[in-house]
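Worksheet: one structure, shown below.
It should be emphasised that the depicted structure is a prediction, and the values quoted were computed from it without experimental measurement. Start at 1 and go down the list; that is how both ligands and their atoms are numbered.
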Amino acid sequence: MTAYISTRGNFPPVSASTAIKVGMVPAGGLFVPGEIPVISEKQLLALTKYDYISTAMEIIAPFLDDFSADELQECLQPAYLDNNFYHPLVAPVCSLSNSLHIMELWHGPTAAFKDLALQVMPFFLTRSAAKMPDRKEIVILVATSGDTGKAALEGFKNVPGTKIIVFYPYRGVSRIQELQMTTTDGDNTYVVAVIGNFDDCQNAVKDIFADRFFNQTLAEKGFELSSANSINWGRLVPQIVYYFWAYTRLLAKKVILPGEKINFVVPTGNFGNILAGWYAGKMGLPVHKLICASNENKVLTDFFQTGFYNRNREFRQTSSPSMDILISSNLERFLFEITDHDTGKITRWMTDLQEKGVFQVDDATRKLMGEVISAGFAREEETMDAIREAFDSHRYIMDPHTAVGYWVYEDYCRKSGDKTVTVLNATANPCKFGSSVLEALRGRGYLQGKDEFTILHQLEELDGISLHPGLRDLEQKPVLHRTVCEKKEIRGLVERILEK
Ligand SMILES: *Cc1c(COP(=O)(O)O)cnc(C)c1O
């Protein structure tokens, strides 16, 4: 059975379902599989004939080996069938040129790639909990930079035996993102705006997880905390699937030959999406380079270039808010993997990060990082240029997150001359960030006096766009959540919510 171990060597190995139920290692550290399953070239070829759910079965089963095949099916079917995704292929891959292909990961109910994981993860979590002897009500705490919140709310709302509390940075998300969250119904959903940025939200949530006394008190009241952020393995594992999916679509279309390596460009924040791509490569998917694209919060670009991680810098609000992050949690898993499970190093680096806001990896590690990852960033003007350029050259409309990826990819090609076939992960539907998209296409000042719904309707008039169904009825929905709090009030708020 696959054992899940802590990146900091501070927890005994546990089963997949325990790792998912617990979310993160209580004393700090993240769960990772002790061994990574391998997909043979033959299996890979066979996948070209599979639909999304069958592909997911094949990839996820060896990781979640304390789930029976039937149990897994019962998780995957309702997530990816039932018209839950507005596209029969779930994540269609379209071609902009012979070498650049776009995987649209935004056809789920909340219009961002997080649906791919968060539509299925609640099923993993409730099934995992059901396997445990001491069943408690699960309380999901979520810190969101905008998209995770809504995706998690949609995934968990009205799921029996769970409550979900979402924290987002007040004024730090787009108006549409905020409305998506604050209009969520369901009798187990709570949404709170925090005066601070995403890192403040994430740190508060991590502190609550790590507070043994607090967790003890909750346990006595019959509650147990878990996480729907990508620190939870159950969130990460469904994301590995679509890397295989994209590859096998290209194989089926004969864009690539069996065994041919491809690149993936990943607009990156918390390093979850790109890490899933790394695991796919480790499982045997022919990956040449993973291109890590950041916005002006370019901690990762600097880190991959210098080996020095420094979060002590000005936090920028950008048009790609889901990537406005200075602490990329899943980097810890990546470093653990490429240092060959060196828990000593990881613990030291992560302690440095927590205490000083910086850490420095050794040269050997830096070299290993550079073999698989190439990193770059796009400034705000460049992101806007990229939206316009993609539209002018390809009649393709992309959201600002995807546009960051597009710009970084073009820059990468110019500098490296690499002609490898590349898949760009499109992480959000353009309508979700409609004002940036319209401004990029129509020019600065165009938005003056227009509210978000006028903007949405104007977007619909553009070529090649249709309003995402999950956004269409937003205008009519009443706002149900209005709580705003200070950072230091978060813990008290959780207590109060659970007293009700
Ligand atoms: C969350 C998100 C990202 C960043 O993904 P990570 O897994 O956190 O790196 C990028 N784009 C969009 C639209 C997102 O919602």
Practice item. Give the residue, atom name and distance (to 0.1 Å) of the protein heavy atom nearest atom 4 (C) of ligand 1. Key: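 For atom 4 (C) of ligand 1, the nearest protein heavy atom is Gly269 N, 3.5 Å.
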Practice item. Write out the residue and atom name of the closest protein heavy atom to atom 8 (O) of ligand 1, then the distance separating them to 0.1 Å. Key: Asn270 N, 2.8 Å
Review point. Is there a heavy atom of Ser230 sitting under 4.0 angstrom from any atom of ligand 1?
Key: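 In this structure, Ser230 fails to qualify as a contact of ligand 1 - no heavy atom is under 4.0 Å.
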Review point. Does Trp106 reach ligand 1, in the sense of a heavy atom lying below 4.0 Å from it?
Key: no
[X] N/O under 3.5 Å from ligand 1 N/O:
| X | value |
| --- | --- |
| Asn273 | yes |
| Asp147 | yes |
| Ala428 | no |
| Lys114 | yes |
| Thr427 | yes |

For ligand 1, which atoms, with element, lie under 4.0 Å from some heavy atom of [X]?
| X | answer |
| --- | --- |
| Pro267 | 4 (C), 10 (C) |
| Phe113 | 1 (C), 2 (C), 3 (C), 5 (O), 7 (O), 14 (C) |
| Gly272 | 6 (P), 7 (O), 9 (O) |
| Thr268 | 9 (O) |
| Met323 | 10 (C) |

Less than 4.0 angstrom from a charged side-chain N to a carboxylate O is my criterion; do [X] and [Y] meet it?
| X | Y | value |
| --- | --- | --- |
| Lys432 | Asp147 | yes |
| Arg8 | Glu332 | yes |
| Glu154 | Lys157 | yes |
| Asp302 | Arg313 | yes |

Point to revise | Among Asn297, Asn270, Asn203, the one residue meeting side-chain contact (heavy atoms from CB on, under 4.5 Å) with Phe198 | key: Asn270
Practice item. Please confirm whether His401 and Phe113 have ring centers closer than 6.0 angstrom. Key: no
**Study point:** Ring-ring centroid check Trp233 Phe63, cutoff 6.0 Å
**Key:** yes
Check your understanding: Taking side chain as C-beta onward, heavy atoms only, is Val32 less than 4.5 Å from Tyr4?
Key -> no
Exercise for review: Evaluate side-chain hydrogen bond (donor to acceptor under 3.5 Å, both in side chains) for Thr318 paired with Asn295, printing each intermediate quantity in order.
Suggested key: CA-CA 7 Å; Thr318 72; Asn295 62 26; 3.0 Å; yes
